[in-house]
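Have a look at the structure below before the remarks.
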Amino acid sequence: MKDKENIKNNLNFLKLFWLFFIGCFAGVIVETLWCIITNGYFESRTALILEPLNPIYGFGAVLITLCFSKLKNNIIIFVGCMFVGGIFEYLCSLFQETIFGTVSWYYSADSLGIFERTSLIYCIFWGILGIVWVNFIYPYFSKLIDKILKKVGNKLTYVLIAIVTFDCIFSSGAVYRQSQRRKNIEATNIIDEFYDKNYNDNVLKIIYPKMSVVK
């Protein structure tokens, strides 16, 4: 029991980043496999252009860890993750629509949808995921991350942070430039021209097949 408590209390910025990174990658893998199983075909589920990562899952992993990793009552964890996950999903959808004028999920046709940005079904999934994460996944990865940090050191971790941060900015720039093209705003600099040439609407449709414009 003491070892488990030590694991849960041993949190710092670098460990949280690795949890974020693992969550980003694992989320893409799980969602891609889910798409193949349910739809019968492969479809991109990444949120970043240069790496197969989705920060939504990464932030979700960090959020669940910070809020619930010290709790022992699975009922509280389940209910808490339902609310936190649902609110987080709602805010992510709202942020995407406000900044880029697009959404990647919408539950207007779901009878269990909540304000069309989240769903009771997915809130339940958040609750189940929270229990599994806190009790099984996080303790394992916590020990694994400690080993990684001892082997690669802090400097290499900061390099990875820089790479992921750059990808987030780069990918956001491509999507933001797309929103400008929809408004018929001409390219005014070399960066805009680069995005227009290399990441036009057809390319972004392949990378982000679920993303749709809000009318």
Side-chain angles (χ1 to χ4, degrees), residues 4-32 34 45-48 51-100 103-107 112-146 148-149 157-158 160-165 167-169 171-172 210:
K4 188 174 182 180
E5 290 300 318
N6 289 335
I7 289 173
K8 290 183 177 182
N9 291 321
N10 183 23
L11 283 173
N12 53 53
F13 172 76
L14 295 181
K15 174 170 276 191
L16 288 175
F17 168 76
W18 275 100
L19 289 172
F20 167 81
F21 184 79
I22 291 172
C24 288
F25 182 72
V28 171
I29 297 298
V30 171
E31 191 169 347
T32 300
W34 179 254
R45 285 294 185 266
T46 182
L48 301 185
E51 302 162 295
L53 304 176
N54 191 329
I56 291 178
Y57 294 109
F59 283 119
V62 171
L63 191 60
I64 290 175
T65 301
L66 290 175
C67 293
F68 305 106
S69 64
K70 296 181 181 180
L71 299 181
K72 301 177 182 179
N73 190 313
N74 285 329
I75 296 177
I76 296 178
I77 294 173
F78 176 80
V79 175
C81 287
M82 277 187 61
F83 280 98
V84 170
I87 293 172
F88 176 67
E89 187 177 17
Y90 180 93
L91 293 177
C92 287
S93 175
L94 181 62
F95 175 83
Q96 180 181 345
E97 180 177 343
T98 303
I99 301 299
F100 304 113
V103 292
S104 294
W105 61 88
Y106 221 58
Y107 301 105
L112 297 177
I114 303 174
F115 303 114
E116 300 183 335
R117 297 188 187 278
T118 187
S119 167
L120 179 59
I121 295 298
Y122 285 95
C123 287
I124 293 174
F125 286 161
W126 276 103
I128 296 173
L129 176 61
I131 292 176
V132 175
W133 177 267
V134 170
N135 290 285
F136 304 103
I137 300 178
Y138 170 64
Y140 170 78
F141 278 118
S142 180
K143 294 179 180 179
L144 178 63
I145 291 170
D146 287 338
I148 292 174
L149 289 174
T157 302
Y158 282 117
L160 185 58
I161 291 173
I163 293 173
V164 174
T165 301
D167 198 355
C168 289
I169 297 172
S171 302
S172 297
K210 301 294 290 184

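This is a predicted model, so every value here is computed, not measured. Sequence positions, counted from 1, serve as the residue numbers for this chain.
Of the possible polar contacts, one joining the S172 side chain to the C168 backbone as a donor-acceptor pair under 3.5 Å is found. A donor-acceptor contact shorter than 3.5 Å is absent between the side chain of S93 and the backbone of E89.
Annotation for A47 and P55: closest pair CB-CD, 3.7 Å, computed over non-hydrogen atoms. Residues L16 and L11 approach most closely at CD2-CD2, 3.9 Å, considering heavy atoms. Residue P139 comes nearest to V134 through the heavy atom pair CD-O, 3.4 Å, listed as atom of the first residue, atom of the second, then distance.
Taking CD1 from I77 and NZ from K72, the interatomic distance works out to 11.0 Å, rounded to the nearest 0.5 Å. Annotation: the span from L149 atom CG to T157 atom OG1 amounts to 5.0 Å, rounded to 0.5 Å. Taken to the nearest 0.5 Å, the OG1 atom of T46 stands 10.0 Å off from the CZ atom of F25. Put simply, OH on Y138 and CD1 on I22 are 11.0 Å apart, with the number rounded to the nearest 0.5 Å. To the nearest 0.5 angstrom, L14 atom CG is 6.0 Å from I161 atom CD1. Here the CG-CG distance, from D167 to L53, works out to 7.0 Å after rounding to the nearest 0.5 Å.
Contact annotation: the side chain of W18 never approaches that of L144 to less than 4.5 Å [non-hydrogen atoms, C-beta and beyond]. The shortest distance between side-chain heavy atoms of Y107 and I121 does not fall below 4.5 Å. The closest side-chain heavy-atom distance from I56 to W105 is below 4.5 Å. With a 4.5 Å cut-off on side-chain heavy atoms, R117 and L91 do not count as touching.
Neither side chain, W133 nor S69, offers a donor N or O lying under 3.5 Å from an acceptor on the other.
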Pair I145, L19 - check side-chain contact (heavy atoms from CB on, under 4.5 Å), show working. CA-CA 8 Å; I145 291 170; L19 289 172; 3.6 Å; yes
Chi angles and distances behind the side-chain contact (heavy atoms from CB on, under 4.5 Å) call for C81, I64: CA-CA 7 Å; C81 287; I64 290 175; 4.1 Å; yes
Given V164 and F20, is the side-chain contact (heavy atoms from CB on, under 4.5 Å) satisfied, shown in steps? CA-CA 11 Å; V164 174; F20 167 81; 4.1 Å; yes
Pair T118, F88 - check side-chain contact (heavy atoms from CB on, under 4.5 Å), show working. CA-CA 9 Å; T118 187; F88 176 67; over 6 Å; no
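The aromatic rings of F13 and Y158 lie parallel to each other, with less than 30° between the two planes, well short of the 60° mark. Taking the six-membered ring for Trp and thresholds of 30 and 60 degrees, F125 and Y122 have ring planes more than 60 degrees apart, a perpendicular arrangement.
When the options R45, E97, Q96 are evaluated for a side-chain contact (heavy atoms from CB on, under 4.5 Å) with S104, the one that passes is Q96.
With sequence neighbours left out, E51 forms a salt bridge (charged side-chain N to carboxylate O under 4.0 Å, His left out) with no residue at all.
Within 6.0 Å of CZ in F78 there are more than 12 heavy atoms belonging to other residues, nucleotides or ligands.
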